[in-house]
Amino acid sequence: MKDNAEAAGGGLDQRQRLIDKMTGLESRYDAAICMLRSPFSSPGYHTTLKQAEFIHSTRDSLSYALGLLDTGLTGYEQRAFDIIRQVISLQDTDPASDTFGIWSWFYEEPLDQMAPPDWNWADFCGSRLVQAISRHGHHFPDDLREAAVLSIECACEAIIRRNVGPDYTNIAIIGAFVTRIAGELLGRKDYADYGLERLRRLHAHTLKHGAFQEYNSPVYTYIAILELSKLQSETSDCRVKAWTGELLDLTWRTVSGYYHPATAQWSGPHSRCYGVLLEDQSNAFLQLATGGAVMFFPWEELPYEEEWYMSGIHCPPAYLEGFKVPETKEVRQRLEGEGEGQEQEWEQEQGQGQERDQVLERVRGQEQGQGRDGRWAVTYMTPQWSMGSFTHSDLWNQRRPLLVYADNHGQPAYIRLRCMHDGYDYCSARFQSMQEVGHVLFGIDFITDGGDTHPNLDRTGGVIAASDLRLRLEVGGALEGVTAALTEEGTVITIAGTEFGLTTWFAAFSGPADAGNRLVWELHKADGRMNIDMILYAGPRRMLDFTSMQQAALVFSLAAGEEGRLNSAPLLELTDEGGLRVISGSEHEGGRAQGVAGGKAAGANKVNEWDEANEVNEVNEANEANEVNEVNEANEVNAEEGDGGAKIVKSVKSMTGGFVLNLRPAPGE
């Protein structure tokens, strides 16, 4: 198979790079265990290991074995066979077992010690075994080939039992690969038919929605491209080749559309991501797949991954320009909605200059932000920076619901929103937003039936033990010359002459009565980053009970450069259910709602209430334990007076719409 990099003149000898990669892994091979040794790391769930210095990964060991076989060097064959034999022995092959067909992550931790086991390992390990048999099965000793075939069959059975849907993108693809290719190789029509149907459902689901469920995820899009390319290369079925081809075209169109040439970054928002800046592996993958349209390394120094060998990865020529030509553009993608054609309808609606009361009526009819517009990803790019946001998200550490990349004189800087519980991202903080070009209006509230470090593996019941809880705007990357200045309203971050202004419109957090925290932004520098923090609680470790809090909601905006300067303040009002409705689009002539910017105490409560005619603003009285924040003064000062009282004037350049926050924490959706 001729590689795209070679065809484009990159001159990369992939087989030699694979041999170099295998040579570099020599020191990590543990001959006593017949597996690859790695430094221990953990995302904080599934494994119960905490203090291990090194582990032996089942998945990584199989990848190493496949790479050894792919070199074609006979001196590596026996080592590869020893690894495969060892890893196969660690699989649960008891059909009566709940973990039938899967492996543990590590040799050091049996399946029954994991909490819980990871069923994805049937897919990950199974795919490597299928490739090993497909490419090199004729070299296997008879007994090992028989054992490998049985192991693949057990993995296929586990995949079929679990039967994940097309919304679990990477596992849907890998499971289709394992079952379809195993079916073709082993003459198992049942596996082949299942794999074909699974791919058909993924294809139909993805094309219907125009995107994968794990939308614009650098790590999972990489996996999707790699695994779809493998499936297209390995299959002999024309239907599989056609469907994978269409999915790959859609995927590369997304990657090209979100790539920001000036920063060489993958613009947000990201539904799942493990880092913020692209790592060497991602950069090398893009360089290889684009045949050098983007260059990060000399070809002879390109960090090579064994999985890329014979995978057939390449970016279609039609999308190469997106990696090279900077432009100003806005990308809007509906991820969940009520039907086709709404995007065009919504844009036309904005262009017709709707009356303010129509906008308010529609926004009030939405339930927790899940109304007619569904869930969106919005990204605005200029040649110098990109800003992306989701309309709805949690703040899990793998989410990037609000993310900015900016060119700092040839190096990338970033701005990222987080909520930190004792130094780790807090899942039960919920994000909602609206973005128009370079301006994002967003709110944070809290749910009581979500997780702490993971969306569902460690549910809190609304109560957490904490010594610190804070909202953070993290500024990282290339920070030379970058400044952050606190202001009365929030902060201004300046990156290579572009200002990013953070404004507080409302902040209430009625935590422990003796916390004494003022809800204002503070600037801290640590670990090569600037952390702009709003401390919700800091003190002795104690239980924070969200179910008993009177108020916990925050509203802000982040505006980038001239494009983000909308001359409008949001309107805040109480709903009949006691929520906080945030509505954008009212025109103001320089006035700003004060929120907590004037330095009032934590947990204060003053939001805007409208009378039945939606014309007269009234002020909600503060809770007895809290002082009053002066919110929405700008609305009153700048409203046009008419016969019926205050009249809201719609700004030509303002956003229209809004979202509702749970002012008192409540169960999630």
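All heavy atoms count here, side chains included; hydrogens, waters and symmetry mates do not. Because the structure is a prediction, the values reported are computed rather than measured.
The closest side-chain donor-acceptor pair between Arg418 and Tyr426, if any, does not fall under 3.5 angstrom. Residues Trp103 and Asp92 bring no donor and acceptor atom of their side chains to less than 3.5 Å of each other. A donor and an acceptor atom, one from each side chain of Glu227 and Ser127, are nowhere located under 3.5 Å apart. Side chain to side chain, Ser151 and Gln91 meet the donor-acceptor criterion of an N or O pair below 3.5 Å. Inspection of the Asn170 and Arg272 side chains reveals no N or O donor paired with an N or O acceptor under 3.5 Å. Tyr304 and Gln16 share no donor-acceptor pair across their side chains, judged by distance under 3.5 Å alone. Thr23 and Glu26 form no side-chain donor-acceptor contact under 3.5 Å, judged by distance and modelled atom types alone. A donor and an acceptor atom, one from each side chain of Tyr76 and Asp70, are nowhere located under 3.5 Å apart. In summary, the side chains of Arg375 and Thr391 do not present any donor paired with an acceptor at a separation below 3.5 Å, with no hydrogens or angles considered.
Aromatic ring centres of Phe40 and Phe54 lie farther apart than the 6.0 Å criterion allows. Taking the six-membered ring for Trp and the full ring otherwise, Phe431 and Phe390 have centroids separated by 6.0 Å or more.
Within a 6.0 Å sphere centred on CD of Glu279, heavy atoms belonging to other residues, nucleotides or ligands number 12 at most. A 6.0 Å sphere centred on OH of Tyr107 holds no more than 12 heavy atoms belonging to other residues, nucleotides or ligands. The number of heavy-atom neighbours closer than 6.0 Å to CD of Glu146, taken from other residues, nucleotides and ligands shown, is 12 or below. At most 12 non-hydrogen atoms from other residues, nucleotides or ligands lie less than 6.0 angstrom from CG of Asp142. Within 6.0 Å of the CG atom in Asp422, the count of heavy atoms belonging to other residues, nucleotides or ligands exceeds 12.
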**Message:** Test side chain to side chain donor-acceptor pair (under 3.5 Å) on Tyr319 and Asp249; report intermediate values, then the result.
**Reply:** CA-CA 9 Å; Tyr319 302 125; Asp249 187 84; 2.8 Å; yes

**Message:** Between Asp167 and His205, is the side chain to side chain donor-acceptor pair (under 3.5 Å) condition met? List the steps.
**Reply:** CA-CA 8 Å; Asp167 54 345; His205 176 86; over 6 Å; no

**Prompt:** Are Tyr220 and Phe212 close enough, and set up right, to give a ring pair (Phe, Tyr, Trp, His ring centres under 6.0 Å), and what steps lead you there?
**Reply:** CA-CA 10 Å; Tyr220 287 98; Phe212 290 129; over 10 Å; no

**Request:** For Thr47 and Glu109, run side chain to side chain donor-acceptor pair (under 3.5 Å): C-alpha distance rounded to whole Å, both residues' side-chain angles, the deciding distance at 0.1 Å, then the answer.
**Result:** CA-CA 8 Å; Thr47 179; Glu109 184 179 35; 2.6 Å; yes

**Request:** Verify side chain to side chain donor-acceptor pair (under 3.5 Å) between Trp121 and Thr58, making sure each step is shown before the conclusion.
**Result:** CA-CA 9 Å; Trp121 252 237; Thr58 51; 3.1 Å; yes

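A cation-pi geometry, defined here as NZ or CZ lying under 6.0 Å from the six-membered ring centre and within 45° of its normal, holds between Arg188 and Tyr191.
Under the side chain to side chain donor-acceptor pair (under 3.5 Å) criterion, Arg161 pairs with no residue at all, not counting sequence neighbours. Take Glu301 and apply the side chain to side chain donor-acceptor pair (under 3.5 Å) test, not counting sequence neighbours, and it matches no residue. Annotation: side chain to side chain donor-acceptor pair (under 3.5 Å) contacts of Arg399 (sequence neighbours excluded): Asp394. Every residue two or more places apart in sequence or in another chain was checked for a ring-ring contact (aromatic ring centres under 6.0 Å, His included) with Tyr309, and none qualifies. With sequence neighbours excluded, no residue forms a side chain to side chain donor-acceptor pair (under 3.5 Å) with Asp94.
Ion pairing of Arg17 with Asp13 is absent here, as no side-chain N (NZ or NE/NH1/NH2) approaches a carboxylate O to less than 4.0 Å. A salt bridge does not link Arg180 to Glu234: none of the charged nitrogens lies less than 4.0 Å from a carboxylate oxygen.
Looking at heavy atoms from C-beta onward, Asp425 lies out of side-chain contact with Thr453 at the 4.5 angstrom threshold. Side-chain contact check for Val164 versus Arg198: some heavy-atom pair is nearer than 4.5 Å.
Ser61 contributes a side-chain N or O that, together with a main-chain N or O of Leu36, makes up a donor-acceptor pair within less than 3.5 Å.
For residues 33-42, no pair satisfies salt bridge (Lys or Arg N to Asp or Glu O under 4.0 Å), with sequence neighbours left out.
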